[in-house]
Amino acid sequence: MKLSNVVIDVLSRVEGHGSLYLELDPENRSVKRIELKISEGARFFEYAIRGRSIYEAPLIMSRICGICGVSHAVCSAKALENALGINVPREIELIREAMLELNIIDSHLLHISILSIPDYYGVRTFLELPLNVKGKVINIIKLRNYVGKALDMLSGERIHPRNIIPGGFTKLPSKERIAAVARELNSFVKDLESFIELIIDRMLIEFKRPSHYASLYSGNDYSVISNKISIDSSYVIDKNEYDKYFVEKSPPYSTSKKVLLQGSKNFMVGALSRINTNRHFMVDEAKYLLRKINATIPSTNPYLIPLAQLIETLHMLCRATDILSEVQTKTPRVQVKLPERESCGIGLVEAPRGVLYHSYVVNKEGRITFSNVITPTAQNTADIENSVKIYVEEMLNKSITDKEIIKRESEKIVRCYDPCISCSVHAIVLKR
Amino acid sequence: MKIKIAQYSLTGCEGCAVSLINALAQNLELLNIIEIVTSRIIGHPEIKEADITFVDGAVVTEHDLKLLNEIRKKSKVIVALGTCATLSGLCSLKDLYDQHELEKHVYGIRLPITHLDNAKPITEVIKVDYQLPGCPSFVSEIDQFMKNIILNKSFKLPEGPVCFECKAKGLPCLLDIGKTCLGPITRRGCGAQCIEYGMPCWGCRGPVDELRIDQFLESVKKHNVDLKELLKTMEIYLLKTNIISTVGDKLEVK
């Protein structure tokens, strides 16, 4: 039996350093081995944060990732508040929700307009797109620029926010300034809808594959902050049960961890999982679009992820605009009292690529003694490997054995998941 | 002939690469004058000859080191983009601990890739022509830099401390209320963004050219700033400078 290997040394148009390794068995039309290798250098954030103050933690943890910094900061603040036993008022939570939504839109539009769109038109970079498409893509880039401006205004800096602390915000701009930005944001809805109509048909690629999905759930909204996770829309677990259901493994070939459902099953998190779970809570415009496309939802077809990102972008743009136009900023934060004894806390948010988990132990002096971060991409890794494996086996069954085609199609699937490799490389402390 | 631009990310969060993309996205006309020949994010991962090469991230792995030396050979001008590239940034925080200990404790196994003993800023490894510090690097500064390059003008970072910008914006001084703000010793050019949003300066732009440490420490003592906390704040971005040891010696705190 002759084995043949397919190696993609540098995955391009993804965030971070990764490669893909496939060991094929063409005779039996199977993939013997698949490894999504993450070769990014480790920065050991969870260890390095030990001994530092709770007030610094959210903004240091934001530096785990240059795309989802806002999500890390909010998640960190939530986990620390849980450890300190404080609840923030609804107005603070709403501003955080809008920030998370803008962060998700910022990331999705980067993925669609620059990283993934060339795949739908058979070109290598977005610069080579046909003229009529390029025009609409430029509108989307302008929308993304404006979303960035809104985040800059809300948090000082869109990539690494400046004002997020446990208890709320160090400072917020006036509600008038925020409302003015909300009005501008709203003016982009039409451009977004017209772009979605243009590209939607190219995004519908059939691929059936059994898998599982998970996303935050509250039972009354399209949650980006919640203490509960829904799995396969069939059962709901509490954040304290996370490590009972989701188990981390350290593959020997990667600096990223793999998370498996119940210790053995691959599953997906992210835009498609959120739509699967919470689509009934989207704004009408997004629900209408979802009905219009010919896709069966719920689905675990990775080709639908970019499509789900776009529909979700429309929902979140409307939702963030609504929140920001009526925002109150009178009390930007609540008083934080240090704990009487060492206490632990967990925070969950929806980051652009799915459920993000932070946990900390805080001592009486308000310093961190332990931390753990589980990123969406670490949760998606096993599912990415599973999708590529099944797709390549389907190709082998159709007698497609050209390595270049296998490479290209495998890379496309990986890219659908929009993996965030900087995020997934981080230290997970196994023992205290 | 268009100006050939290359972009590489070593170990880091890649936020500075995103900043570069954001700067271009706000100025798409630039694409008539420049051509991006290398950028993994855009879809061209191959190493190519370039007129201007932006490098973000710090040198953390053997691979980073090898790649960086190769990049130098292919580039006419190299720009260190962001604090990881100029000061090794938050990549250095782990250097406070032993690498082998970290790997064992954290992953439970030895990592499959080789890490250097210490994270290094790229300026310590190769000759760098320009530095654009910041965490992340600032879109407005990248923009100004590009314009100067296109017009064949040189580029200089602004001099003087962050305090100048605080005063210009009329922001109240955080040192006055006992916060550990590094504004007086940090290069301006950020628009005092953090202070405007209520956070003290952590020094991501690196030290000012004319460092007045004694003056800074006097004002720190006058306002009863916690000195241990001050040194701890300096660890975030300034671990690779000699400021921490200078200040530690002068204050006699460790």
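These figures come from a predicted structure and were not determined experimentally. When reading the values below, keep in mind they use all heavy atoms of this one structure, side chains included, and skip hydrogens, waters and symmetry mates. So that the names make sense, note that chain A is the first sequence line, chain B the second, and so on, each numbered from 1.
- Listed here is the closest heavy atom pair of B:Leu10 and A:His17: O-CE1, 3.6 Å.
- B:Leu96 does not touch chain A: none of its heavy atoms, backbone or side chain, sits under 4.5 Å away.
- Between the side chain of A:Ser12 and the backbone N or O of B:His44, no donor-acceptor pair lies under 3.5 Å.
- For B:Thr233, the parts sitting under 4.5 Å from any heavy atom of chain A are the backbone and the side chain alike.
- Scanning all heavy atoms of the two residues, the minimum distance from A:Arg43 to B:Cys91 falls at CD-SG, 3.7 Å.
- Atom CG of residue A:Leu110 and atom CG of residue B:Asn22 lie 7.5 Å apart, to the nearest 0.5 angstrom.
- The contact between B:Cys135 and chain A is made by backbone and side chain atoms together, counting heavy-atom distances below 4.5 Å.
- Remark: the backbone N or O of A:Val14 is paired with a side-chain donor or acceptor of B:Arg40 at under 3.5 angstrom.
- Salt bridge status for A:Glu365 with B:Lys228: absent, with no side-chain N to carboxylate O gap under 4.0 Å.
- Residues A:Glu56 and B:Trp202 are in side-chain contact: their nearest non-hydrogen atoms beyond the backbone lie under 4.5 Å apart.
- When heavy atoms are compared at a cutoff of 4.5 Å, B:His63 does not approach chain A at all.
- Ion pairing between a basic and an acidic side chain is recognised when a charged N comes within 4.0 Å of a carboxylate O; A:Lys171 and B:Glu196 show no such pairing.
- With a 4.5 angstrom heavy-atom cutoff, B:Leu116 does not touch chain A via any of its atoms.
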Trace of the salt bridge (charged side-chain N to carboxylate O under 4.0 Å, His left out) decision for A:Arg124 with B:Glu46:
CA-CA 13 Å; A:Arg124 276 192 63 195; B:Glu46 310 82 11; 3.3 Å; yes
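- Using the six-membered ring where Trp is involved, B:His115 and A:Phe44 have ring planes that are tilted, between 30° and 60° apart.
- Taken to the nearest 0.5 Å, the OH atom of A:Tyr47 stands 13.5 Å off from the CG atom of B:Leu93.
- Distance alone, capped at 3.5 Å, places no donor-acceptor pair between the A:Arg144 side chain and the B:Ala25 backbone.
- Neither the backbone nor the side chain of B:Ser39 comes within contact range of chain A; no heavy atoms are under 4.5 Å apart.
- A:Ile159 and B:Gly15 get closest at one heavy-atom pair: CD1-O, 3.2 Å.
- Interface remark: B:Leu90 contributes side-chain atoms only to the contact with chain A (heavy atom separation under 4.5 Å).
- The shortest heavy-atom contact between A:His160 and B:Cys13 is NE2-SG, 3.4 Å.
- Listed here is the closest heavy atom pair of A:Ala48 and B:Lys94: CB-N, 4.3 Å.
- In this structure, chain A has a heavy atom under 4.5 Å from the side chain of B:Thr61, while its backbone stays farther away.
- Between B:Glu229 and A:Arg367 a salt bridge is recorded (basic side-chain N to carboxylate O distance below 4.0 Å).
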